[in-house]
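Only one structure is covered here, and it is reproduced in the block below.
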Amino acid sequence: MLIGFIISSMFVAGPAVQTYFIQQAPQSANLVLSLNTSIIHLGLAAGAGAGGFMVSASSTVLYNPWLAGVIVTLGLGAALISFSLGKKRLVREV
């Protein structure tokens, strides 16, 4: 039950993110959306691989939440950088 909630909540933000990407590059929306989908799938595969590596290296799943927390922190940092660069670009254009 909890896993289903986590997976569905992961995809709730999808339409908002896709709308943001379309607004950033309306002339190449198809390319941007396909790249976004590909990155999502690569991220899921990398997360599964990293989790599998952690389990095989430590023989326990106790460290997986720490690894996930580090990866989420890196993702949030990348998102903040992306948003700040987008705002700077908008200020220059106006």
Side-chain angles (χ1 to χ4, degrees):
M1 177 77 175
L2 179 63
I3 297 296
F5 175 74
I6 291 171
I7 290 172
S8 24
S9 66
M10 181 177 65
F11 290 105
V12 167
V17 170
Q18 290 178 348
T19 302
Y20 171 75
F21 286 150
I22 290 171
Q23 289 172 350
Q24 295 302 309
Q27 67 280 5
S28 57
N30 290 335
L31 175 66
V32 171
L33 292 180
S34 64
L35 283 173
N36 180 42
T37 303
S38 297
I39 294 297
I40 288 172
H41 287 109
L42 285 172
L44 289 171
F53 175 76
M54 289 293 289
V55 168
S56 77
S58 63
S59 299
T60 182
V61 295
L62 293 176
Y63 302 112
N64 281 9
W66 289 103
L67 176 64
V70 168
I71 291 171
V72 166
T73 303
L74 290 173
L76 287 173
L80 290 173
I81 290 170
S82 172
F83 287 134
S84 69
L85 290 176
K87 289 179 182 177
K88 286 180 185 176
R89 190 179 78 199
L90 284 175
V91 169
R92 286 186 207 148
E93 290 177 1
V94 173

Side-chain cluster (under 4.5 Å, hydrophobic types only) that [X] belongs to, other residues:
X     : result
Leu35 : Leu31
Leu76 : Val72
Leu67 : Met54, Tyr63, Ile71
Trp66 : none

* To do: May I have the step-by-step check of side-chain contact (heavy atoms from CB on, under 4.5 Å) for Ile22 and Leu33, ending in yes or no?
  => CA-CA 8 Å; Ile22 290 171; Leu33 292 180; 3.8 Å; yes
* Between Asn36 and Val32, does a side-chain contact (heavy atoms from CB on, under 4.5 Å) hold up when you go through it step by step? -> CA-CA 6 Å; Asn36 180 42; Val32 171; 5.5 Å; no
* **Separation of Leu44 CG from Ile39 CD1 (nearest 0.5 Å)** => 11.5 Å
* Structure fact -> Heavy-atom nearest pair, Pro15 first then Val12, reads CD-O, 3.4 Å
* To do: Could I get the full list of side-chain contact (heavy atoms from CB on, under 4.5 Å) partners for Val61, not counting sequence neighbours?
  => Val55, Asn64
* Asked: Which residue pairs pass the ring pair (Phe, Tyr, Trp, His ring centres under 6.0 Å) test when at least one of the two sits in residues 12-60, sequence neighbours left out?
  -> Tyr20-Phe83
* Check: Ser82 side chain, Ala78 main-chain N or O, donor-acceptor pair, under 3.5 Å -> no
